[in-house]
Amino acid sequence: MENTSIIQTKELVKKFPIGKSFFTALNGINLSFDKGEFAGLIGPSGSGKTTLLNIIGSLDTPTSGDVTVLGHSVGKLSAKQAARLRKEQFGFIFQSYNLLAVHNVYENVEFPLLLLKYNANERKKMIMDALSWVGLTDKIKSKPPQLSGGECQRVAIARAMVKRPSLVLADEPTANLDAVNSHNILQTMLKLNEELKTTFLFATHDEKVINYLKRKIYLLDGKVDKDVIK
Amino acid sequence: MKIALKLAYRNLLGAGLRTWLNVIVLSFSFVIIIWMKGIIIGWDYQAKTDMTNWEIGGGQYWHENYDPFDPFTFAESHGTIPEPLKKEIALGETEPTLIVSGHIYPQGRMIPITLVGINPEQKILKLPTHMLDTQITTIPAIIGLSSSRNFKLGKGDNVSIRWRDVNGMFDATEILITDVFNCNVPSVENGKIFMPLKKLQEMVVMENEATIFTFKNEKTEREAIEGWTLKTKEDLTKSVDDLIKTKNAGQSVLYAVLLFLAMLAIFDTQVLSIFRRQKEIGTYVALGYTRREVVVLFTVEGAMYSILAAITSAIYGIPFLIWQANVGWTMPIDSSEFGMAIAQTLYPVYSAGLIITTVVIIVIVTTVVSYWPAKKIAKMNPTEALRGKIQ
Ligand SMILES: Nc1ncnc2c1ncn2[C@@H]1O[C@H](COP(=O)(O)OP(=O)(O)OP(=O)(O)O)[C@@H](O)[C@H]1O
Ligand SMILES: [Mg+2]
């Protein structure tokens, strides 16, 4: 199984400076994820879910310990290598959407494809596919300020999945979605997970998501409390 | 780079009003700088044309002792018309003029003046010398508008003049002002009285002598003539060039101020971006942008303001500049008070070089001004930027 493991954390510690002292957000995390997992970090607010996702996503570096993602040690990557990893392999879904406000829905979803230099025809097809997964093909010309919270969330999901990354890091992806939409999107994610072996790692406390997870990792105060595999 | 251009374009158009404010400020700089430069070039062109038409023709021979700035040389600066020029003079292709210093007595005052003898039939200079071609008992003379004002002399007035002849003997007579002309060349308008060449030669007893020969055409090759100095058109208009150069330097301050204001607008926008757009920057980084690419994007955005401004300027600026070139710009103050070659109405002249340099300079300066804040932007920690918490 060693060769299919795509994420490994060893004694991962993350401390944030608070004035003169430190706040320990992650305190010795040892986790391993295999390719094709559909897993979630579950825990109360402030338990370190977002922090862990950021480090795995190479947006942040560990204070100590080691994180290996797709064979790269996150702490040792150069900024350029990290950017390349994010561009080619990761899809991010943020707690607060982080859409480009002046770009319309189509252009927001197009962004990762532009970076990967797909041609216009390929882009169009991939964008329309991604928008149909989230049920937003009728809003391609709208800009984020004109959309509801749930619609923004769906654009963010489409943007993360459009390039079919090997790893999707999703921070509260359903926070603003109703039951029907949550269900649809999770179905789509499961489908991608099964068909393309895309690995999904969620951070959530939403029951609707938790029910879909094949592996539930409970975090508490920066530590793994329970690790439940279905 | 292609992606950066595309994104920058989307970002700018998406930002709407803020973009257009910057673009308009910049485009004013474009149009005003081109217009001002055009006026200067137009002025240079007009001054040279006026000088050619009124004073220097296609170039001149000066008597070797002649110095226009030193009237004491005038007594020594005359010579017999040299043989090689006689044919051209007969054909009207070269005109001799004789320059002598004298005094004029308007309203009993005594004022030094330069007497210029010129052929009434000459066709080389625009001077209305045909007005000297009359049969009257007094000597006909024409003067420029500013002399006419200074001496309070008008058309039809008589006035006494006094001079020394070649032997140093004083003599005096009455002249009749037969015309007052208006030209923009101060050295023609000020302190000169033009009268028939033959008459002046008689008065000073310098039969067949002259001080200056003015050519009709600017010939490249002119032989050297013993005792006479060749002054090409280029030599003679050099003073205009020098004057324009100093004017141009003075105006550069104004360009700098204009550019500075425009740059301030761009700089401000870019610095504000550090705060306003940090979440967006974090997003770019999360989606795989490197710092360098973020810097490129923001710099391109800045530079694009100037490109959009160039396009906007073209839309309203071209009609404006063309209109100005046709109607000219009339100076709000009386141009004769300048004491230099300047017309009341200047017609701007634009060259492709002028427009291209202006655009290139503005684009370069905007790019540089955008680069600095962009570098700061890219220094942000991506997770902090994503949270949008940097103050
Ligand atoms: N840059 C930072 N500086 C200081 N403290 C931080 C920073 N980022 C996170 N923290 C702290 O680390 C802890 C974990 O934060 P994190 O965002 O990972 O929590 P979370 O589990 O995602 O919570 P939520 O469910 O509310 O999103 C919190 O107490 C938070 O205040
Ligand atoms: Mg969180």
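In what follows, every chain begins at residue 1, and chains take the letters A, B, ... in the order their sequences are listed. Keep in mind that what you see is a predicted model, and the values were worked out from it rather than measured.
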Is it the case that over 12 heavy atoms from other parts of the model lie below 6.0 angstrom from the [atom1] atom of [X]?
| X | atom1 | answer |
| --- | --- | --- |
| B:Lys375 | NZ | no |
| B:Phe260 | CZ | no |
| A:Lys15 | NZ | no |

[atom1] of [X] to [atom2] of [Y]: how many Å apart, nearest 0.5 Å?
| X | Y | atom1 | atom2 | value |
| --- | --- | --- | --- | --- |
| A:Asp60 | B:Asn381 | CG | CG | 6.0 Å |
| A:Phe16 | B:Thr383 | CZ | OG1 | 6.5 Å |
| A:Lys87 | B:Tyr289 | NZ | OH | 9.0 Å |
| A:Phe111 | B:Leu7 | CZ | CG | 5.0 Å |

*asked:* Is B:Leu287 close to chain A through its backbone or its side chain, or both, or neither, when contacts mean heavy atoms under 4.5 Å?
replied: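 Contact with chain A: backbone and side chain both.
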*Side chain / backbone / both / neither for B:Leu13 at chain A, heavy atoms under 4.5 Å*: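 Contact with chain A is absent: no heavy atom of B:Leu13 under 4.5 Å.
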*Looking at A:Glu107 and B:Lys6, does any basic side-chain N land under 4.0 Å from a carboxylate oxygen?*
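Here A:Glu107 does not pair with B:Lys6 in a salt bridge, since their nearest N and O are not under 4.0 Å apart.
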*Got B:Arg10 and A:Leu100 here, is their nearest side-chain heavy-atom distance under 4.5 Å?*
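In short, these two side chains do not touch, never coming nearer than 4.5 Å.
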_Within the 4.5 Å heavy-atom criterion, are A:Arg84 and B:Thr290 side-chain neighbours or not?_
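Counting from C-beta outward, A:Arg84 and B:Thr290 never come under 4.5 Å.
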*Under 4.5 Å heavy-atom distance to chain B, tell me which part of A:Glu110 shows up: side chain, backbone, both or neither.*
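For A:Glu110, side-chain heavy atoms alone lie under 4.5 Å from chain B.
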_Taking every non-hydrogen pair under 4.5 Å, which of A:Lys117, A:Arg159, A:Lys80, A:Lys143 racks up the most with chain B?_
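The option with the most such pairs is A:Arg159.
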*Between the side chain of B:Arg291 and the main-chain N/O of A:Ala79, is any donor-acceptor distance below 3.5 Å?*
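No, the answer is negative, given that no donor and acceptor are paired below the 3.5 Å cut-off.
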Heavy-atom pair of closest approach, residues [X] and [Y]:
| X | Y | value |
| --- | --- | --- |
| A:Leu59 | B:Leu386 | CD1-CD1, 3.6 Å |
| B:Lys279 | A:Asn98 | CE-OD1, 3.1 Å |
| B:Val285 | A:Arg86 | O-NE, 2.8 Å |

